[in-house]
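In what follows, a structure is listed as structure tokens, so that the remarks can point back to it.
Read the numbers this way: they start at 1 and go in the same order the structure lists the ligands and their atoms. Quick caveat, the model's predicted, so the values are computed rather than measured.
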Amino acid sequence: MPLLIRNGTIVTADSRYRADIYAEGETITRIGTGLEAPPDAEIVNAAGKLVFPGFIDPHVHIYLPFMATFAKDTHETASIAALVGGTTTYIEMCCPNRQDDALEGYHLWKSKAEGSSACDYSFHMSVTRYCTETEGQLREIVKDGISSFKIFLAYKNFFGVDDGEMYQTLTLAKQLGVITTAHCENAELVGRLQQLLLAQGRTGPEWHEPSRPESVEAEGTGRFATFLENTGATGYVVHLSCEPALARAMAAKSRGVPIHIESVIPHFLLDRTYAERPGVEGMKHIMSPPLRDRRNQRVLWDALAQGFIDTVATDHCPFDTSQKLMGQDAFTAIPNGIPGIEERVNLLWTYGVQRGTLDIQRFVDAASTRAAKLFGLFPRKGTIAPGSDADLVVYDPEYRGVLSASRHHVNNDYNGFEGFQIEGRPAVVTVRGKVQVKDGQFVGEKGRGRLLRRDPSYF
Ligand code: URP
Ligand code: ZN
Ligand code: ZN
């Protein structure tokens with residue numbers, strides 16, 4: 001069925017204007033004023049609303065065996081939550097661990113999403129060990145349409161790689177023209193500090209941040225940048241949380257190292273005091289890198305506004321209360337992760353654009369366009385133009401609401417942003433021309449999402 005979005009204000013990363021959008025099949029075919037549609041078209045009245053390109057979350061975990069348990073969502077639940085929140089495409093971290101076979105892992109991750117996700121998706125392929133088979137397997141995965149790798153400098157003996165493996169991964173990435181994303185914390189220091197704190201009887205969630213201080217993240221970020229500089233590979237720091245790490249990445253950028261920066265919505269809005277709450281309340285806010293001292297938030301907002309931070313993702317990774325309680329005797333056993341896939345766009349809009357911190361075009365760029373460009377999805381995704389997929393978010397800036405686990409769609413018994421006010425939400429969300437969400441409700445087709453082919457471009 002054709003789709004006509006009438007009378008909205010279209011906002012992309014570089015333009016803002018009043019026009020109608022017409023889509024035939026899955027693609028935008030016309031943009032203009034006074035467009036007519038055949039009688040069988042679905043017509044959406046967007047008067048008084050903003051029309052954004054579908055938002056892209058470039059860092060989520062859905063299927064994730066981690067810390068002796070599994071993240072809670074399925075692709076069905078996560079994609080519905082994503083769409084309700086305006087995210088029409090996500091890139092999941094495919095994370096087989098060091099003991100697993102990478103290629104088998106890749107096929108397993110693919111099988112979990114296929115026929116289950118209601119929005120479009122892709123994967124960053126994690127390299128968690130570099131052995132004889134790795135090069136051949138990665139070449140095959142890249143040929144299959146995955147043009148980004150992921151490495152972890154943290155999580156020693158599980159996901160973590162050593163410096164030699166990082167070097168090998170980046171050297172291959174450079175040859176293949178793929179971008180490498182990296183979790184940057186010094187694994188050795190984290191392990192040592194964890195043992196020290198536990199030996200001192202410091203077992204509660206409030207000790208998680210001191211076990212992974214800002215300097216440990218700064219070291220990881222600086223080391224990753226140095227390896228990029230010496231291999232010529234292009235990199236992307238995930239979930240950057242603090243000023244010292246930002247300073248290392250910025251110093252590398254300014255000497256010409258091709259390094260891009262992601263931060264995630266929890267680091268803009270939640271600080272370490274959330275993890276210092278007693279008992280399970282603190283555990284709910286354990287993630288890595290940890291929630292930081294509040295002074296970092298102003299620095300992150302400023303860097304985002306100026307475009308030094310390229311993207312805002314979620315690092316969506318839900319564990320429920322009973323899973324968090326696995327760490328009640330030792331903070332080192334609390335599964336790391338905070339959900340956010342449904343809340344990211346509304347929070348960034350409310351606390352960024354509505355509060356005057358973030359320009360509306362930069363908002364679209366950081367939450368959609370920049371990820372599409374960095375990860376080989378542009379202009380199919382990340383903009384509104386003839387020929388682009390008709391992934392559209394008709395956004396109601398007049399909506400007022402409060403975030404709560406009682407209303408969210410994520411498969412989790414708490415909401416990391418419980419009680420946060422939002423000032424705007426998607427009224428209608430379309431994926432490839434089909435309406436999937438209306439007024440906060442999923443009304444679409446489950447399992448309709450497609451794996452997006454992404455080709456290498458960093459040669
Ligand atoms: O705490 C986090 N971030 N959990 C998910 C795994 C990761 O490091 O991204
Ligand atoms: Zn991480
Ligand atoms: Zn992550």
message: Within the 4.0 Å heavy-atom shell around Y155, which atoms of ligand 1 are there?
response: 2 (C), 6 (C), 7 (C), 8 (O)
message: For F378, does the six-membered ring have the charged nitrogen or CZ of K373 within the cation-pi criterion, i.e. under 6.0 angstrom from the centroid and within 45° of the normal?
response: yes
field: Under-4.0 Å heavy-atom contact with ligand 1, by part of N336 that carries it
entry: both
Residue pair T87 / D57, side-chain donor-acceptor N/O under 3.5 Å: no
- request: Please work out the angle at the Zn ion (ligand 3) defined by atom NE2 of H59 on one side and atom NE2 of H61 on the other, rounded to 10°.
  value: 110°
message: With heavy-atom distances below 4.0 Å as the criterion, list the atoms of ligand 1 near H183.
response: 8 (O)
task: Evaluate the ring planes of H208 and F331, with Trp represented by its six-membered ring, and classify them as parallel (under 30°), tilted (30 to 60°) or perpendicular (over 60°).
output: perpendicular
- line: atom 3 (N) of ligand 1 has as its nearest protein heavy atom D315 OD2, 2.5 Å
- line: Within the 2.8 Å cut-off the protein N, O or S neighbours of the Zn ion (ligand 2) are H183 ND1, H239 NE2
statement: Given the options V364, L358, I360, R362 meets side-chain contact (heavy atoms from CB on, under 4.5 Å) only with L358
- prompt: Can an N, O or S atom be found in C317 less than 2.8 Å away from the Zn ion (ligand 3)?
  reply: no
task: Under 4.0 Å, heavy atoms only, figure out whether ligand 1 is touched by the backbone of M287, its side chain, both or neither.
output: both
- line: So the atoms of ligand 1 within less than 4.0 Å of a heavy atom of H239 turn out to be 8 (O), 9 (O)
query: Would a distance-only check, ignoring hydrogens and angles, find a side-chain to backbone donor-acceptor pair under 3.5 Å from D302 to V299?
result: no
Distance (rounded to the nearest 0.5 Å) between L451 CG and E114 CD: 8.0 Å
message: Evaluate K150 for polar contact with ligand 1, using N/O atom pairs at a separation under 3.5 Å.
response: no
message: Distance under 4.0 Å to a non-hydrogen atom of S288: what atoms of ligand 1 satisfy this?
response: 1 (O), 2 (C), 3 (N), 8 (O)
message: Does anything in residues 253-281 form a ring pair (Phe, Tyr, Trp, His ring centres under 6.0 Å)? List the pairs, not counting sequence neighbours.
response: F268-W301, Y274-H285
- request: Go through the steps for F158 and F152 under the test ring-ring contact (aromatic ring centres under 6.0 Å, His included), then give the verdict.
  value: CA-CA 9 Å; F158 194 69; F152 293 87; 9.0 Å; no
- prompt: Using a distance-only test with no angle check, is there a side-chain donor-acceptor pair under 3.5 angstrom linking S406 and S404?
  reply: yes
message: Out of the candidates K110, H316, H75, only one should pair with E92 under the side-chain contact (heavy atoms from CB on, under 4.5 Å) rule; please name it.
response: H75
- line: With heavy atoms and a 4.0 Å threshold, my read on which part of H59 contacts ligand 1 is side chain
task: May I ask you to check whether H183 and Y155 place their ring centers less than 6.0 Å from one another?
output: yes
